[in-house]
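Here is the structure we will look at.
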Amino acid sequence: KYKPGAQFSSESDLRSGWDRQRIEDRLQQAEQIRQEEVPAGIPMAAWALAWCLQHPAVTCVIPGCKTIEQVESNAGAVDLDLVSDDHPQAWK
């Protein structure tokens, strides 16, 4: 849910003590994945859950959620068929 440039400045936020460049690099990577991999209209969290669930070594995922909407979106991930056999990181 965070975009490049996000700031974590609250002392109560654990991320405020992390290396700023490392955070920015990870946010840039996540943004690239969102733009290049995640289909339009699909929440990135649901896409990530679907990706994990489609890996044959994964038997379950334990997502975090704070709202009913997040629970519903997470549950809907089971119905997403997003990983093609020719994807560079597809399990073969």
Side-chain angles (χ1 to χ4, degrees):
K1 70 182 182 181
Y2 299 104
K3 304 281 187 220
Q7 298 291 317
F8 306 102
S9 56
S10 167
E11 289 184 21
S12 64
D13 191 323
L14 175 67
R15 295 166 294 198
S16 66
W18 292 357
D19 177 69
R20 183 69 217 148
Q21 187 58 51
R22 186 174 179 195
I23 291 173
E24 190 61 26
D25 290 347
R26 288 182 176 180
L27 291 172
Q28 289 287 346
Q29 290 171 350
E31 182 63 17
Q32 182 178 358
I33 290 169
R34 187 191 65 73
Q35 290 179 4
E36 296 176 6
E37 300 280 338
V38 181
I42 304 293
M44 190 164 182
W47 174 86
L49 290 172
W51 182 269
C52 292
L53 287 168
Q54 291 176 23
H55 191 292
V58 176
T59 56
C60 71
V61 295
I62 305 173
C65 53
K66 294 181 181 178
T67 66
I68 291 172
E69 291 79 15
Q70 288 175 339
V71 172
E72 292 170 345
S73 178
N74 290 347
V78 73
D79 295 326
L80 298 177
D81 184 22
L82 304 174
V83 182
S84 63
D85 290 337
D86 62 345
H87 189 280
Q89 294 185 10
W91 181 262
K92 300 191 187 225

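Positions are given from 1 along the sequence.
- Checking each of Gln32, Gln29, Arg26, Glu24 against Pro4 for a side-chain contact (heavy atoms from CB on, under 4.5 Å) leaves exactly one that passes, namely Glu24.
- Between the CD atom in Glu37 and the CD1 atom in Ile42 there is a gap of 13.5 Å [rounded to 0.5 Å].
- A side-chain N or O of Glu31 and one of Gln35 form a donor-acceptor pair less than 3.5 Å apart.
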**Request:** Could you please spell out the steps behind the side chain to side chain donor-acceptor pair (under 3.5 Å) verdict for Asn74 and Gln70?
**Result:** CA-CA 6 Å; Asn74 290 347; Gln70 288 175 339; over 6 Å; no
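- Hydrophobic cluster membership differs between Met44 and Leu49, with clusters built from Ile, Leu, Val, Met, Phe, Trp and Tyr side chains linked at under 4.5 angstrom.
- Annotation for Ala50 and Ala77: closest pair CB-O, 3.5 Å, computed over non-hydrogen atoms.
- No continuous path of ILVMFWY side-chain contacts below 4.5 Å connects Leu80 to Leu53, so the two sit in separate hydrophobic clusters.
- Considering every non-hydrogen atom in both Val71 and Cys65, the closest pair reads CG2-SG, 3.4 Å.
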